[in-house]
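These notes are about the structure you will find just below.
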Amino acid sequence: MNRELARCCEDFASLSRSLDAVFADDIAERLCAYTLGGGARIRPQLLWWALRACGGGDAEAPAALRVAAALELIQSCALIHDDVMDRSAERRGRPSFHAQIALRHTAHGEEADPGAFAQSAAVLAGDLALSWADDLVAAADLPATVRPHILRIWRLMRTEMVAGQYLDLHGQATSSRSAVQAIRTVCLKTARYTVERPLALGAALAGADATTTRALTAAGRCAGVAFQLRDDLLGVFGDPKATGKPAGDDIRSGKATYLLAVAHSRARAVGATDVIRLLDGCRGSADLSEAALSSVRDALRSTGAPAQVERRIGRLAQAARFHLAAARLHGPAARRLAALLTAVASPPGEAAAPPAAPAGHRAIASPAGHEAPASSAGHEAPAALAGREGGVR
């Protein structure tokens, strides 16, 4: 898949160079390097092994590789735009796309505000990545019977991703504390485009029947929600060296995560107003210090919210396995797909957040009936999933 992606990027870069050298150097070639330079390639892998597990073979491989390359480009679009909206300076352990442009133009001594310029340029780069992805899908050599299904899934995935991103922004702007809305955002922003839709694309390319496709996509949705809930934990408690992004950015940007929603609900249920005041005061604070972030972590642990999120991840992983078994897939490819989905939905080797409250902090008991049902419904095999990208990450 990497070779196919590299060929596609070179074609797009060549076209860009024929248009304008500055545009090609600043945006197009940088976008190609960004797309080729990192990421777990989880979406292409899910598509590929779903195709193989559902009976697809060498005849479908060229189209599958082309669509898989498109998934990586739409992922670049999502990451670049997400970092602009979140004002994130780092991605995959390196400067984010807009930060790279700002650094370049600061070094060159331009008088215009490099930050504003870089953010605007990054929006254009994300748009370009989406356009390139659409071009690849449109040009894929698909059988007439398969093309309508692929295009339908692709259209759904693009709109779901934008809807989820908007809900994420809306949750930040309104300081939402709704666990239901948080799960809805996770489902649209991450679960579907990271796991469910790549599986559906692979199944469609293989000509899988409706029963198999339903089971696969249900498994993907459960695994995808687990994937993002894990990312939310890592966003607060994770090691930046492992995740490739600063810890605490979700708190600093005011994201309406399921973790925060659960913590607020549990704190309110027992009248822990000190915890509520601390979480409300720190959420959305862009200059939050490391000491204050440590206090937020302690407060979250004191509510038992991290442990509750861990339990929900476990139930979602179990549900994903149940749905995958219902697809009745067999053979080596099916086993590879099962291992991949298990790795997506299950915790990585390093725990994201210890469930116990720290010494000196009062643990908050679980309020009865708070947790949403498991049916409300996200990095590769453990080594390949190092440096999880999350959401649209």
Side-chain angles (χ1 to χ4, degrees), residues 39-50 53 68 71-72 74-75 78-79 82 153-154 156-165 167-168 179-204 213-235 250 255 257-259 309-327 337-348 352 372-382 384-385 388-393:
R41 306 287 189 250
I42 182 65
R43 294 158 190 84
Q45 289 196 57
L46 287 166
L47 182 155
W48 180 260
W49 291 113
L71 284 172
E72 282 302 295
I74 203 171
Q75 167 72 344
L79 294 178
D82 194 51
I153 296 165
W154 188 260
L156 280 171
M157 183 185 70
R158 290 180 311 177
T159 303
E160 288 162 352
M161 187 180 73
V162 175
Q165 185 67 48
L167 289 179
D168 192 29
V180 172
Q181 187 71 352
I183 290 293
R184 181 65 177 162
T185 302
V186 164
C187 193
L188 286 171
K189 182 180 175 181
T190 301
R192 288 192 171 160
Y193 114 91
T194 297
V195 188
E196 181 181 351
R197 297 310 182 197
L199 290 175
L201 288 166
T213 301
R214 279 196 300 270
L216 263 182
T217 53
R221 193 175 311 122
C222 292
V225 173
F227 177 98
Q228 184 58 51
L229 295 187
R230 170 69 52 197
D231 193 69
D232 290 345
L233 286 172
L234 290 170
D250 285 354
K255 281 189 179 295
T257 63
Y258 181 68
L259 172 65
V309 175
E310 291 278 7
R311 289 192 294 272
R312 183 154 197 184
I313 291 170
R315 290 198 303 275
L316 286 162
Q318 185 177 18
R321 291 191 293 271
F322 171 82
H323 289 300
L324 185 60
L337 180 61
L340 188 55
L341 270 180
T342 297
V344 165
S346 299
S375 59
S376 302
H379 236 71
E380 272 175 35
L385 289 174
R388 299 165 68 102
E389 294 187 328
V392 271
R393 300 175 183 172

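Proximity of a side-chain donor or acceptor of T217 to a complementary backbone N or O of R214 within less than 3.5 Å is detected.
Residues meeting the side-chain contact (heavy atoms from CB on, under 4.5 Å) test with A53, sequence neighbours left out: L329, A333, A334, L337. With sequence neighbours left out, R158 forms a salt bridge (charged side-chain N to carboxylate O under 4.0 Å, His left out) with D134. Applying the side-chain contact (heavy atoms from CB on, under 4.5 Å) test to A215 and every residue at least two apart in sequence or in another chain returns A326, A327.
A223 approaches V195 most closely through the heavy-atom pair CB-CG1, 4.4 Å. Of all non-hydrogen atoms in G224 and A191, the two that sit nearest each other are C-CB, 3.5 Å. Taking each heavy atom of A203 and A50 in turn, the nearest pair found is N-CB, 4.3 Å. Listed here is the closest heavy atom pair of A226 and A345: CB-O, 3.6 Å.
Salt bridge R41/E72: present, at least one basic N to carboxylate O contact under 4.0 Å. A salt bridge does not link E160 with K189: none of the charged nitrogens is closer than 4.0 Å to a carboxylate oxygen.
The line from CD1 of I74 to OH of Y193 is 7.5 Å long, rounded to the nearest 0.5 Å. Taking CD from Q165 and CG from D168, the interatomic distance works out to 5.5 Å, rounded to the nearest 0.5 Å. Between the CD atom of Q228 and the OG1 atom of T194 there is a distance of 7.5 Å, given to the nearest 0.5 Å. To the nearest 0.5 Å, the span separating CD on Q45 from CG on L71 amounts to 12.0 Å. Note that CZ of R311 and CG of L229 are 13.0 Å apart. Values are rounded to the nearest 0.5 Å. We find the CZ-CZ distance between R197 and R192 to be 5.5 Å, quoted to the nearest 0.5 Å.
A 4.5 Å side-chain heavy-atom check between L199 and L47 finds every atom pair outside the cut-off.
For the side chain to side chain contact (heavy atoms under 4.5 Å, CB included) test with V309, the passing option among T257, D232, L233 is L233; the others fail.
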Subject >> Verdict with reasoning, L341 to H323, per side-chain contact (heavy atoms from CB on, under 4.5 Å) >> reply: CA-CA 11 Å; L341 270 180; H323 289 300; over 6 Å; no

